[in-house]
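Heads up: the structure comes next, in structure tokens.
Numbering of residues begins at 1 and proceeds along the displayed sequence. Hydrogens, waters and symmetry mates play no part in the numbers below; they use all other heavy atoms, side chains included.
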Amino acid sequence: MPAFSCAFPGCRRDLLVIVLVVFVGIGLPIEASAPAYQSHGTEGSHLTNITNTKKAFPVLAVNYEHVRKPFEIALWILLALLMKLGFHLIPRLSGVVPESCLLIVVGLLVGGLIKVIGEEPPVLDSQLFFLCLLPPIILDAGYFLPIRPFTENVGTILVFAVIGTLWNTFFMGGLLYALCQIESVGLSRVDLLACLLFGSIVSAVDPVAVLAVFEEIHINELVHILVFGESLLNDAVTVVLYNLFEEFSKVGTVTVLDVFLGVVCFFVVSLGGVLVGAIYGFLAAFTSRFTSHTRVIEPLFVFLYSYMAYLSSEMFHLSGIMALIACGVVMRPYVEANISHKSYTTIKYFLKMWSSVSETLIFIFLGVSTVAGPHAWNWTFVITTVILCLVSRVLGVIGLTFIINKFRIVKLTKKDQFIVAYGGLRGAIAFSLGYLLSNSHQMRHLFLTAIITVIFFTVFVQGMTIRPLVELLAVKKKKESKPSINEEIHTEFLDHLLTGVEGVCGHYGHYHWKEKLNRFNKTYVKRWLIAGENFKEPELIAFYRKMELKQAIMMVESGQLPSALPSTVSMQNIQPRVIPRVSKKREEEIRRILRSNLQNNKQKMRSRSYSRHTLFDADEEDNVSEVRLRKTKMEMERRMSHYLTVPANRESPRPGIRRVRFESGFQC
């Protein structure tokens, strides 16, 4: 070591200088050196210039701006998931406070913290909400929409969604305009069109808020589908009214032609959205026919076609929510018949996860946006808005239910009406529509403040008290257990029975048109949208296979069976249990017996067919039917016992039993 030090006397000093230069150069950008061909008189001065301008290579650099946007998005999602996880880890808290309330409180705290450190809190931008956060929630609701309750109550839902929204808009807008004309309020500059525009924003029920609250209280299926269906279908009415009043407020005059065009616009927006969604749904189903060799991309087709339906509707100013619902409802039965079990599971859980994250982010951003402001407070206007929201909702539900119950078989009770009226929650859609108002609008800040107050009142007060009220009123709750195969089969049987009753009565009602649609679907549509020979399978066997598969999936998810279903197997290609076969000779004899008896029954039915000119005596008809039924039952049991059972001793018949020879030529 001494010799080394003597040979290189300045090595330690040079090494220390190099280390300091490297660490000082951390985070500094590398600058380009001077051009090599610059001439400063001599070669030595040229080398000295290059040495002075060259910087050390940075070992560690920090460039937050390069990753700022995706980093903040990931941080927000992580915060939302941690809040959701913590909420469900505290059962007492989740049993009292709805999840949406807690998320808004978290948003308020985060927004306040951001403002304390001197930064500007982010606002729930309308583009971000309508194009990124809302579609996953609506797609999840539309794809897994319970079709039977929805179609059975679609008339009631449409009445609440269309007429109820119109009533709330004009009732609130008119009374708020009358309030603004009072001089002591100080809002005399507000005109009627501005009040109607505000009424159209706060009158619609929000699907995100309804889903967040109603899924926690487990209300019965009828009330849930009425409120949730209304929140989905009133989107078209809200969009049309909002655009109409916004345009009218700019023009200042309204003619009869404008009103007529507004009515036409409602049908174009609603039916156009449904048509666009149905087209994309059929395209998704047709594409899934050819994915048997590339199962990994099957879920992507479902997501992309649905999102394209939403974007296409928004592009033409149609109802994107209606398009997503139509797309999900149309594609589901055909897609599930073509895709594999693993693809089905992926679609199910990804949609649930995506919608849950979006819902969490929406409520957090609502809290943050509240802190961001700006706000314009007017006690009279804000409190009157909250009261009118409650009054208009209650009066609308009571008045419309009085008319609806005259045409319903299952009447809406007073308890059902109360829950429907009390469950009309407002949410982020109202806030986003208010945020879309131009900055030049003189009442924009006041409207946003009133909208946020209404949202907080409905989510916190109504959302937190609806569960105790359901318990107090003993409202019927949702049945938690899944329907058994027996219940499903009997439900299908009753549908066919009611279709026959409508045909006999000559009344073409709901069940008649449902049967027509099912027949058209089975004859023509399934042939083009379902792969292979699955569309030719008998309906009862297909239904049995579907129920067996659903039961197997539930057992696998609960851990009762190992997850050994292959991913390449289609949803309808799962083979059922093997049934023991009967010999050919015995099968032919059984068929001959059944054919002969069925022919006799048909002839008897023809001879005793219904005629409005000849009526039998009730007692005589009952006696004859009972005797014939008893004889037929005994005869069939005697004939079939020989072919469906194997006797222990076939050598000789038992004593006391005679051989009987039938007309068909065999003995028993």
Side-chain donor-acceptor contacts of residues 266-287 below 3.5 Å, not counting sequence neighbours, with atom names and distances?
residue : atom : partner : partner atom : Å
S270    : OG   : F266    : O            : 2.9
S270    : OG   : F267    : O            : 3.3
Y280    : OH   : S312    : OG           : 2.9
T287    : OG1  : L283    : O            : 2.7
T287    : OG1  : Y305    : OH           : 3.0

* With a cut-off of 6.0 Å (strictly less than), are more than 12 heavy atoms of other residues, nucleotides or ligands near NZ of K406? -> no
* To do: If the plane angle is over 60° it's perpendicular, under 30° parallel, otherwise tilted; pick one for F303 and W354.
  => perpendicular
* **Minimum-distance pair of heavy atoms, taken over all atoms of Y344 and E336** => CE1-OE2, 3.1 Å
* Asked: With distance as the sole test, does R426 use its side chain to make a donor-acceptor pair with the main-chain N or O of G424 at under 3.5 Å?
  -> yes
* Asked: Strictly by modelled atom types, are N168 and S203 linked by a side-chain donor-acceptor pair under 3.5 Å?
  -> no
* Asked: Is a salt bridge present between D495 and R148, judged by a nitrogen-to-oxygen distance below 4.0 Å?
  -> yes
* Asked: With the threshold set at 4.0 Å, does a side-chain nitrogen-carboxylate oxygen contact exist between R393 and E230?
  -> yes
* To do: Only counting residues at least two apart or in another chain, list the ones meeting side chain to side chain contact (heavy atoms under 4.5 Å, CB included) with F418.
  => Y422, L469, L473
* Test item: S126 side-chain N/O and S432 main-chain N/O as donor-acceptor pair under 3.5 Å -> yes
* To do: Classify the side-chain pair S355/S358 by whether it contains a donor and acceptor separated by less than 3.5 Å.
  => no
* To do: Look at the rings of F493 and H490 and say which category their plane angle falls in: under 30° parallel, 30 to 60° tilted, over 60° perpendicular.
  => perpendicular
* To do: Using the six-membered ring of Y143, assess whether NZ or CZ of K348 lies under 6.0 Å from its centre and within 45 degrees of the ring axis.
  => no
* Tell me, please, which residues at least two apart from N521 pass side chain to side chain contact (heavy atoms under 4.5 Å, CB included). => Y334, V525, K526
* Might you point out which heavy atoms bring P146 and I225 nearest each other, and give the distance in Å? => CG-CD1, 3.9 Å
